[in-house]
Student: 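The structure is given below, and queries will be raised subsequently.
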Amino acid sequence: MITDETIAKIALLAKLELSETEREQAKQDMRKMLGYIDLMNELDTAETEPMSHVFSAENVFREDVVVNGDMREEMLANAQLVKDGMFVVPQTFEG
Amino acid sequence: MDILQYTAVELAECIRHRKIGTVEALEAVWQRIDAEEAKWNCYITVEREKALKRAATLQRRIEAGEQIGPFAGVPFAVKDNLCTKGIRTTCGSRMLEQFVPTYSAAAVERLEAAGAVIIGKTNMDEFAMGSTTETSYFGVTHNPCDPACVPGGSSGGSAAAVAAGECFAALGTDTGGSVRQPASHCGVVGLKPTYGTVSRYGLVSYASSMDQIGPLGRDVRDCAAILDVIAGRDDRDATSVDRGEQTGFKAALRQDVEGMRIGVPADYFTEGLQPGVRKAVQDAAEVFRANGAVVEYFDLGLTQYVVPAYYTIAAAEASSNLERFDGIKYGYRAQDIGTLHALYQKTRSEGFGAEVKRRILLGTFVLSTGYYDAYYLKAQRVRTRIRRAFDEAFANYDVLLGPVAPTTAPRLGESLSDPLQMYLQDIYTISANLTGMPAISVPCGTDEKGLPVGLQLMGDRLAEGTLLRAAYTYEQAVKTERERNVSDKERG
Amino acid sequence: MANVYETVIGLEVHVELATQTKIFCGCSTAFGGAPNTHTCPVCTGMPGTLPVLNRQVVEHAIAVGLATNCSIAAHCRFDRKNYFYPDNPQNYQISQLYQPICRDGYVEIDVQTPEGDRRDAAETDNRKRVRIHEIHMEEDAGKLIHDGESGRSLVDYNRAGVPLIEIVSEPDMRSAEEVIAYLEKLRTTIQYLGASDCKLQEGSMRADVNLSVREVGVQTLGTRTEMKNLNSFHAIRNAIAGERERQIRLLEAGEQVVQETRRWDDAKGVSYSMRSKEDAQDYRYFPEPDLAPLHIDDTWIAQIRARQPELREARMERYQRTYALPMYDIRLLTDSKQLSDLFEETVACGAQPKKVSNWLMGEALRLLRERDMDPEEICFTPEHLAALIGLVEQKEITNTVAKEVFAVMFTQGVDPRRYVEENGLKTLQDADALRRVAAQVLADNPQSVADYRNGKEKAISFLVGQTMKAMKGQADPLKVREILQSML
């Protein structure tokens, strides 16, 4: 079920760094929560379609017309690090 | 009469007839905020100068005879997960402590177009994850009905601000009860519209398939009038619905429930329900009966599966929605360090609080390989079943009636230690989010401790008209009753 | 004894769709803007913003699906693919996993014998069907630029949100030749549809190669790897050869092929594993709650089918019928829609089809190859090419001059009549003038004159050449020969 490895893998996927205590806490929380969520298994839903959207609307489109101009300064305004009109990140690839 | 006693609709009327000036109304709110905000902590950000400038401009336009809008000059508060152009929008999180959007939420734009003056951004549980407003990075908000209690959440700041007279009305957001439950705990009215009625553009997503913006006000009329303003199809939100002729919610406010069929889910009145809440809600049901409605208790079913399904889906969507907070484009960025991976990890670990991390981890897990079917998909199937149960209920009833929450406002510090217990408090409210139905919380008296109790009315999807009529009828009936009691006493 | 191995290849081809705007917002998709000037709150993943689907993207995807014999899903929707990477502003990509828009299609490719000369083989093709597993719609990522100065990377979101379709084939290909034939087939089909310009170099068409090897005769598939960063046919060919060898080497050494994504370095001719311990690969796909599902009914499909332009096969048949061109010409001309359109428009201006074809297949293709250009970069108009052909036909200019003029038209788009006029390139028709020049040439080359008179007939060719040279090419060489012969 929920092991230390599970928590480590999930934290890696979620990009969260957990301390020893946080990891232990997360393990307990998750076990407890999933134990409760497992209540759902009482209900036979084999014949039931899953519902990802609550509304019945389909085919909602925009037309292919350019409406935006240059908004670069606004898009960069909240970034902590900017260079040459771009967002700065640690080096991403080899070479 | 003290300006702060007016409802938003009444104040708008006075301003329109130039009995009260916009700046005067704003000053009244400032005085209250100056006197009491330190006690409640309703706001994360207050925008005095901007609000004053806008109020003055509006006053000039009103004096010039311009028709502005139904809320011209009325001071409003807005929950801090709704983007406001040029005003920082934090979501109650360290992650967005410095974030100043360059765009406003569609609901905010519509409110402003109706003449509202936005005075500040209200406190909330971090990224709307919580039921007490205690998970905010910006401190807890106290309940104006009892400062030792929480105001509820996640729109606790909005509910408290309305209750404390620190604004005339407010916008909140409701993903699992976050408008209705704090309204209930603070003794104000809170409305969650049908999913898709109010555009979500500019609402920082928590759980996209359930998030909906709703008004908090002093009475049902205020909420209906605000919904009239903020509802409407928006090209920027593909999930927003074109309600066409169905708007005009204020017009639905008739005191008439004659023959209305009201169902009361018997499953809501189990042992977990606080006796004072049970009594207040059952009394409310009797008020409907006395006013000509047909009130029936019935078995709704599936109630025990609502919380598991909701938390699975909400956590899954949240884990994905919150991935964008990585320190690069906006928001908190951890001190620059080595690798990209380290930047992501440090930023997110330092920027998010414990409850947010808890839900991100749960959501990541239920979507991960090997667990998707057993949890996420299972929850979506259960959701279909829950919706069917409600569809069947609405085949028999016009409105469903029950409590908003199992208890009145808990004391500060009581809830967070046991997250599962806290989640269970949402049992009555989250069905409306899972299924997309509209629901409203209306004050229905107090419990043994004198804390406000909320009555929840739920309507079928797109049936706000019926829902509002029921809520309004109840509110008016109770008001008449109260007034009669007062005059009886006076006659002695 | 050494084992004989078979290569099994499937392709994931990404094609950038030819739309004005991005898939989920109203930003321009135009190339070449300064970094981040084609961005908005939606495509930079600002909090609270929401995607709204571009109708044209769906219509292009349906059109490509129909042209590749796919069945179009009556119901489909988008899913989120979650992974952290800075080229992806939301840290999830909106794509389609559970219900892609098109499924179960195929294209037919011409399979050539390995040593076969292309030209000969063209007449004796074997047809092979490459099945298409699915086509789905998704958004492109932004661009990362390495900043040498700071040792960091910079992010430009101009390409983030540009619409893509991903065409996933079944593992039906067995060689680099088949892979390239398949890609060329997709490219011409999509270009004819007008759904994309499909330029490999510019990245508007990108192919990831899934490759495994197995001993001949074995039925089960080997473990495959996925190779990325293949931006030319040349790179694809090399990568296939390199990866095949690498996998065989591993197997021969008794080792296992690891299922992974590898990055091909074409300059070094090697591939690298892209795995890192920081990436637990798990995309956690789930239905995109911000977008409404799609319902594609028969009426809509019929409308798109009705709008479908003539595709290459139909055009080839029509050329055979209408212009009676050799199959070889038809193949080359229709290989590129641009070239083929140019052909038809030039013929419409009154030029003789075979002559137009000769110019396009000969000089035009030669110049394109020489200058590494795409047909759409050709500058001349159909009217100008027709005019040039007219000038030659009416013997106003010689072939030599015509080729020179063509080269100028090709890159500068000048009017050939005007250019010939302004540069005095007209063929000299004046027989007296020609005779005067010829006399001078005879006088200057007594040895050749003597040779000719002594029966060395070939010597006249040299004299014709000298005369043409003195005339700067502006003479009809037949006429020159005639005059020289009469004077000798």
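Chain letters run A, B, ... following the sequence lines, proteins first and then strands; every chain starts at 1. For clarity, every value in this text was computed on a predicted model and none was experimentally measured.
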Student: Testing C:Asp87, C:Asn88, C:Asn82, C:Asp79 one by one against C:Gln93 for a side-chain contact (heavy atoms from CB on, under 4.5 Å), which residue passes?
Tutor: C:Asn88
Student: For chain B, which of C:Tyr285, C:Tyr83, C:Phe286, C:Tyr157 has the most heavy-atom pairs under 4.5 Å?
Tutor: C:Phe286
Student: Can you sort out the partners of C:Glu166 under side-chain contact (heavy atoms from CB on, under 4.5 Å), two or more places apart, ordered by chain and number?
Tutor: C:Glu12, C:His14, C:His136, C:Glu138, C:Val168
Student: Quick test of your reading of the model: are C:Asp290 and B:Arg200 salt-bridged, counting only N-O distances below 4.0 Å?
Tutor: yes
Student: Does the gap between the ring centers of B:Tyr344 and C:Phe84 come in under 6.0 Å?
Tutor: yes
Student: Measure across B:Leu322 and B:Val356 and return the closest heavy-atom pair with its distance rounded to 0.1 Å.
Tutor: CD2-CG1, 3.5 Å
Student: Could you check whether C:Lys81 makes a cation-pi contact with C:Tyr283, meaning its NZ or CZ is under 6.0 Å from the centre of the six-membered ring and within 45° of the ring axis?
Tutor: yes
Student: Do you see a donor-acceptor pair shorter than 3.5 Å between the side chains of B:Thr197 and B:Arg243?
Tutor: yes
Student: Restricting to non-hydrogen atoms, name the atom on B:Val204 and the atom on B:Cys83 that form the minimum distance, rounded to 0.1 Å.
Tutor: CG2-SG, 4.1 Å
Student: At a heavy-atom distance under 4.5 Å, which candidate from B:Pro101, B:Ala238, B:Ser319, B:Gly331 has the highest pair count against chain C?
Tutor: B:Ala238
Student: For chain C, which of B:Tyr376, B:Tyr103, B:Phe99, B:Phe325 has the most heavy-atom pairs under 4.5 Å?
Tutor: B:Tyr103
Student: Report which part of C:Phe24 has an atom under 4.5 Å of a heavy atom belonging to chain B: side chain, backbone, both, or neither.
Tutor: neither
Student: Please state whether the side chain, the backbone, both or neither of C:Thr44 comes within less than 4.5 Å of a heavy atom of chain B.
Tutor: backbone
Student: Most heavy-atom pairs under 4.5 angstrom with chain B, which of C:Cys25, C:Gly48, C:Pro287?
Tutor: C:Gly48
Student: Search all heavy atoms of C:His38 against all heavy atoms of C:Lys22 and return the closest pair with its distance.
Tutor: O-NZ, 2.7 Å
Student: So which residue, C:Gly26, C:Gly45, C:Pro47, ends up with the most heavy-atom pairs under 4.5 Å with chain B?
Tutor: C:Pro47
Student: When only pairs under 4.5 Å are counted, which of B:Ala207, B:Gly202, B:Ser320 shares the most heavy-atom pairs with chain C?
Tutor: B:Ser320
Student: Checking C:Arg80 against C:Tyr92: charged group under 6.0 Å from the ring centre and within 45 degrees of the axis?
Tutor: yes
Student: I'd like to verify something: which residue of B:Asp235, B:Ile328, B:Asn81, B:Asn321 has the highest number of heavy-atom pairs under 4.5 Å with chain C?
Tutor: B:Asn321
Student: Under the salt bridge (charged side-chain N to carboxylate O under 4.0 Å, His left out) rule, what do C:Arg159 and C:Glu16 come out as? Steps first, then yes or no, please.
Tutor: CA-CA 10 Å; C:Arg159 304 313 292 166; C:Glu16 251 183 39; 3.0 Å; yes
Student: Would you confirm whether B:Thr102, through its side chain, and B:Val100, through its main-chain N or O, come within 3.5 Å as a donor-acceptor pair?
Tutor: no
Student: Heavy-atom cut-off 4.5 Å, strictly under: side chain, backbone, both or neither for B:Leu203 against chain C?
Tutor: backbone
Student: When only pairs under 4.5 Å are counted, which of C:Pro41, C:Gly151, C:Ala292 shares the most heavy-atom pairs with chain B?
Tutor: C:Pro41
Student: What parts of residues 357-368 of chain B touch chain C if we use heavy atoms and a cut-off under 4.5 Å?
Tutor: B:Thr364, B:Leu367, B:Ser368
Student: Heavy atoms only, distances under 4.5 angstrom: which of C:Leu53, C:Asn91, C:Val52, C:Val42 has the most pairs with chain B? Name it, please.
Tutor: C:Asn91
